[in-house]
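See structure below.
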2 protein chains.
Amino acid sequence: MSLKEIARLLAEKDNFFLATHVNPDGDGIGSLLALTLALKAQGKIVWPYLSDQIPDFLDWLPGKELIRYELPEGGNWTAIVLDCGAASRLGDKAGPWVQGLSQVIVLDHHEVSGTLGTTRYVEITFATAAIVFKLLGQMGISLTKEIATNLYVAIFSDTGGFRYQQTTAETFSMAQKLIESGVNPSEVAQRLTENFPLSRFCLLKKALSRLELKASGKVAISYLSSDDYLSCEAGKADSDDFATMFRTIRGVEVSALIKEYKPGEVTVSLRSRGHVNVAELAAHFGGGGHRFAAGFRTKGDISEIQQQLTRKLEALFS
Amino acid sequence: MSLKEIARLLAEKDNFFLATHVNPDGDGIGSLLALTLALKAQGKIVWPYLSDQIPDFLDWLPGKELIRYELPEGGNWTAIVLDCGAASRLGDKAGPWVQGLSQVIVLDHHEVSGTLGTTRYVEITFATAAIVFKLLGQMGISLTKEIATNLYVAIFSDTGGFRYQQTTAETFSMAQKLIESGVNPSEVAQRLTENFPLSRFCLLKKALSRLELKASGKVAISYLSSDDYLSCEAGKADSDDFATMFRTIRGVEVSALIKEYKPGEVTVSLRSRGHVNVAELAAHFGGGGHRFAAGFRTKGDISEIQQQLTRKLEALFS
């Protein structure tokens, strides 16, 4: 179904249940809220649902007070699923519930999406928000500052602030129109990228103090123990971008960060500049991901995991 | 003089001496090389001059092999000065030499520019490259990938990757056209933001280990001694973005980094989220800058400077 046909379908319906994936990100929540505000402007009843709490760095988005954390009771809902295409990605509660509805529209931009939905629109593009942007055009919605800000945040998030591979001329063309609709780009950037808790810098100091280069400088590896998270009063999210940061070291092809959130429970993040496919490395340890970013979970002793991983990484470059 | 008139003036001349400020940045060098390549495409003789070596992170720009580090001998040169408007900013050699020429065109985007030039075009905009972009349009130059990449790097640098205050809808509109002319945005971003020497992370660890919050968390302050630069085998540029990084701590309004490059010679970088004007603070110590970023140089003992500065900073928030 084309976006034009989906716009016509939406015009016929009155009650919308909107959802995105678990651990929702900027693209998922931004797309959800932009479409919520647009449908409400057309007089529709909208139930924007999240299975997980909105993350701190997005807890200022226009319309976030509309978000519901529980499912509706009864009602004749048309579901719109954003930024994913499989029931399992909606969580234990919403997944089965959405599968029980007679009309489910999926809007997704992922190559591996799923089969959920009575109507599916999947376009491999830089963000689900790009699809929502075009859908709003078909719906004849004029972009308010509130709608535009949600779309801008979504696009900024999924393109790494216009820096990732999927960034195109169209990304910039949309950003231009969103700014013309009232978005303040520096304010958004500051909210998204300049709002780190002090605990993150405490963790960073520890991760830096254990940073080692291997394989003639092609591999960067470090670790954080559960004691580190405790003593820094830090949460999981605080170390989210460290592996990516260590990939920025000149000459480094692959970076790895071993994170023990709880004693014995270890998550490993792998990042690559692209010459090595870290998804394959992660798969060896039972994990997944893609060429540039992948990871796996395991149990055991950090130093043993580090030794195993280092051996594997050194073998890649020997 | 309008850009249209400047384009007409350039068409009449054959020999161009191009220069930008000392400690040249992405906007200065990108604008210089873009205009060099454009003028050469028109069959002109061009002498693109830098007083300082091109920094490592820009040492891949298309056309960089054309750069001259010495002044020409004789010849009937028309000078084009980019990204600054005062002879003093061109360095000890080029400054007086340019002042001796009969035709000097200044293209600058700074609020405080200077009085250099027989023809001055100063537009307060997000980058000097934005002026060059429009000038090339007036000159009827078609954007090659090489020219476009230089302009994109310049715009990316001066807007902090589309994140600073001066970023506008026009910034994105230009970026779109530059990508349509062949720029690879993710490749540029990777070259500009993912190419740090290991020495930078060694310094960062030291700066983080001395990071202190003052004034109920509104001030972040740290220092690096000449011993740190030595033991990390680090250069000045390695700590360039630390003050900006410390401003990203939640709740911090002003950040300060005290850097002793050589024993007793101290440079202080100040960053603000905008509520406090750090240019005023820097002026108190004999320095300058603007509301968001300022600095000053001084001589003396780091810990005494830190105490003085901390007292001033605490007073701002008391």
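Lettering of chains follows the sequences in order, A, B, ..., and the numbering in each one begins at 1. All values below come from the heavy atoms of this structure, side chains included, with hydrogens, waters and symmetry mates left out.
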Exercise. To the nearest 0.5 Å, how far apart are OG1 in A:Thr244 and CD in B:Glu194?
Worked result: 8.0 Å
Problem set entry | Interchain contact, B:Leu213 with chain A, by part (heavy-atom threshold 4.5 Å) | side chain
For this session: Check the surroundings of atom CZ in B:Phe126: do more than 12 heavy atoms from other residues, nucleotides or ligands lie under 6.0 Å from it?
Result: yes
Problem set entry | Atom pair CG/CZ of A:Leu208 and B:Arg200 - distance to nearest 0.5 Å | 9.0 Å
Seminar exercise, completed: Of the listed B:Val188, B:Thr167, B:Thr159, the one with the largest count of heavy-atom pairs under 4.5 Å with chain A is B:Thr167
For this session: Using the side chain to side chain contact (heavy atoms under 4.5 Å, CB included) rule, take B:Leu198 and A:Leu211 through it: C-alpha gap first, then chi angles, then the decisive distance, then the call.
Result: CA-CA 10 Å; B:Leu198 187 62; A:Leu211 182 65; 4.3 Å; yes
Problem set entry | Rounded distance [0.5 Å steps], CD in B:Gln176 versus CD in A:Glu170 | 9.0 Å
For this session: Examine whether an atom of B:Met174 lies under 4.5 Å from a heavy atom of chain A, and if so say whether it belongs to the side chain, the backbone or both; otherwise answer neither.
Result: neither
Exercise. Which of the residues A:Phe156, A:Phe172, A:Tyr164 is involved in the greatest number of heavy-atom pairs with chain B at under 4.5 angstrom?
Worked result: A:Phe172
Exercise. When rounded to the nearest 0.5 angstrom, what distance separates OG in B:Ser209 from NZ in A:Lys205?
Worked result: 6.5 Å
For this session: Taking atom CD of A:Glu233 as the centre, report whether more than 12 heavy atoms of other residues, nucleotides or ligands fall under 6.0 Å from it.
Result: no
Exercise. Just by modelled atom types, is the A:Thr193 backbone N or O under 3.5 Å from a matching donor or acceptor in the B:Arg163 side chain?
Worked result: no
Exercise. Got more than 12 heavy atoms from elsewhere within 6.0 Å of CZ, B:Phe292?
Worked result: yes
For this session: Using non-hydrogen atoms and a 4.5 Å limit, figure out which bit of A:Leu192 sits close to chain B: side chain, backbone, both or neither.
Result: neither
For this session: Sort B:Asp56 into side chain, backbone, both or neither according to what part of it lies under 4.5 angstrom from a heavy atom of chain A.
Result: side chain
Problem set entry | Pick from A:Cys202, A:Pro197, A:Ala175, A:Ala220 with the largest number of heavy-atom pairs that fall under 4.5 Å of chain B | A:Pro197
Exercise. Measuring heavy-atom distances to chain A, does B:Phe201 have an atom under 4.5 Å in its side chain, in its backbone, in both, or in neither?
Worked result: both
Exercise. What are the two closest heavy atoms between A:Ile179 and B:Ala169, and how far apart are they?
Worked result: CG2-N, 3.6 Å
Exercise. What heavy-atom pair brings A:Gln190 and B:Arg273 nearest, and what distance separates the two atoms?
Worked result: OE1-NH1, 3.7 Å
